[in-house]
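Chain identifiers are assigned alphabetically (A, B, ...) following the order of the sequence lines, protein sequences preceding nucleic acid strands; residue numbering begins at 1 within each chain.
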Protein chains: 2
Amino acid sequence: MSPIELLNTHHLRKTQFREKVLDIFLRHDRALSHRDIESQISEADRITLYRTLRTFEEKGLIHKAIDGSDKLKYALCAGHCDVHAHHDHHAHFHCASCGQTFCIDEVQPPGIQTPPGFVVESTHLIFNGRCALCAN
Amino acid sequence: MSPIELLNTHHLRKTQFREKVLDIFLRHDRALSHRDIESQISEADRITLYRTLRTFEEKGLIHKAIDGSDKLKYALCAGHCDVHAHHDHHAHFHCASCGQTFCIDEVQPPGIQTPPGFVVESTHLIFNGRCALCAN
DNA sequence: AGCACACACGCAACAATGTTGCATTAAAAA
DNA sequence: TTTTTAATGCAACATTGTTGCGTGTGTGCT
């Protein structure tokens with residue numbers, strides 16, 4: 001999947017900036033923070049990036065990757081997200097050492113016994129620890 | 001458990017400010033953000049609160065309650081945390097409507113099959129949805 | 001009780017992160 | 001190509017978090 005294809009299928013205008021951002025996501029198989037992305041685009045405009053990420057999330061290209069760190073991160077949706085709802089029920093692994101966040105698609109969050117009256121809309125499962133590189 | 005007892009058992013100095021903060025935690029059975037606490041103390045000093053919360057977390061009185069919102073929250077430890085390690089493997093429910101976060105002690109996070117080399121140190125399970133009050 | 005020491009507090013200054021408004025520019029439609 | 005619509009870039013501002021330092025307060029000691 002190329003940046004342009006992604007923009008087309010999600011009915012978004014094709015701009016240089018958006019293509020750059022998507023290209024970065026496609027080249028990294030993990031969740032990225034605002035800073036991660038900004039530092040990889042020369043002469044990136046902070047504000048435009050904030051708005052680009054918000055738009056991408058609203059249109060279902062990316063979703064928030066909740067990893068338990070204080071930083072908000074985003075990851076490319078695996079294709080089953082759309083405009084109406086994110087199906088972000090998958091798990092994330094956050095490395096406490098290098099700060100990187102990886103998507104763990106294999107693990108399914110458990111069912112819930114919430115108190116009566118509570119309605120669950122999405123579930124997040126976070127594993128915190130050390131990645132293969134930092135564990136040694 | 002009273003504020004003073006908590007400070008004593010954790011070997012912390014008893015100050016007015018700390019007692020106020022602990023009193024707020026004891027009166028609310030849920031995770032609180034910096035803002036939540038600040039707004040309940042008249043003439044609270046932002047910086048002192050940051051340092052108080054950090055100290056409380058280091059000494060094992062409170063722990064970070066990761067709820068998937070962009071805000072960092074803290075909740076009182078249930079007694080099994082200490083100076084050396086937080087046993088924060090329990091689940092949190094975050095209401096998307098009112099923003100409140102509740103601890104769900106009954107649910108146990110599942111085991112993991114992480115990629116080889118990855119070491120898990122803690123697990124967080126977050127349920128996002130609507131609480132009993134907001135669901136109607 | 002009084003004293004000394006360590007620590008907590010409160011303030012200032014700064015750094016990082018996120019938001020809003022508006023004029024300009026670029027993409028899509030006519 | 002022209003018109004229309006949306007994205008961009010900049011300024012200004014709001015919020016959140018950090019660091020340094022002088023002052024005040026709690027605690028242990030004599």
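- Donor-acceptor pairing under 3.5 Å is lacking for the side chains of A:E58 and A:T55.
- Whole-Å rounding puts the B:L49 CG to C:dC9 P distance at 10 Å.
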Exercise. Classify every nucleotide of nucleotides 13-25 of chain D by which part a protein heavy atom approaches to under 4.0 Å, writing B for the base, S for the sugar-phosphate alone and - for neither, in 5'-to-3' order.
Key: ---BBBBBB----

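- What separates CG of A:D45 from C1' of C:dT17 is a distance of 14 Å, to the nearest Å.
- Taking atom NZ of A:K14 as the reference point, atom C1' of D:dA6 lies 14 Å away to the nearest angstrom.
- Look at CD on B:E19: it is 13 Å from C1' on C:dA8, rounded to the nearest Å.
- Here the rule is side chain to side chain contact (heavy atoms under 4.5 Å, CB included) with A:F56, and of A:L76, A:L61, A:L6 only A:L61 fits it.
- As a whole-Å value, the separation of B:F17 CZ from D:dG26 C1' is 16 Å.
- Using modelled atom types and a 3.5 Å distance limit, the side chains of A:T101 and A:D67 yield a donor-acceptor pair.
- Protein atom CG of A:L53 is 14 Å distant from nucleotide atom C1' of D:dA7, rounded to whole Å.
- Between A:F118 and B:F93, the ring center distance clears the sub-6.0 Å criterion.
- At the phosphate of C:dC9, OP1 or OP2 sits under 4.0 Å from a side-chain N or O atom of B:T52.
- For the side chain to side chain contact (heavy atoms under 4.5 Å, CB included) with A:Q100, the qualifying choice from A:K73, A:H94, A:R30 is A:R30, the only one to do so.
- In this structure, A:E38 places its CD atom 12 Å from C1' of C:dG18, rounding to the nearest Å.
- Closest of all the heavy-atom pairs between A:R46 and A:H34 is O-CE1, 3.6 Å.
- Remark: P of D:dG26 and CG of B:N8 are 14 Å apart, rounded to the nearest angstrom.
- A donor-acceptor distance shorter than 3.5 angstrom exists from the side chain of A:D36 to the backbone of A:S33, with no hydrogens or angles considered.
- Tracing side-chain contacts under 4.5 Å through hydrophobic residues (I, L, V, M, F, W, Y), one reaches A:L32 starting from A:L26; they form part of the same cluster.
- More than 12 heavy atoms of other residues, nucleotides or ligands lie within 6.0 Å of CD in B:E5, so this atom counts as buried by the packing criterion.
- Axis deviation across the helix from C:dA1-D:dT30 to C:dA30-D:dT1 amounts to 40°, comparing end segments of five pairs, rounded to 10 degrees.
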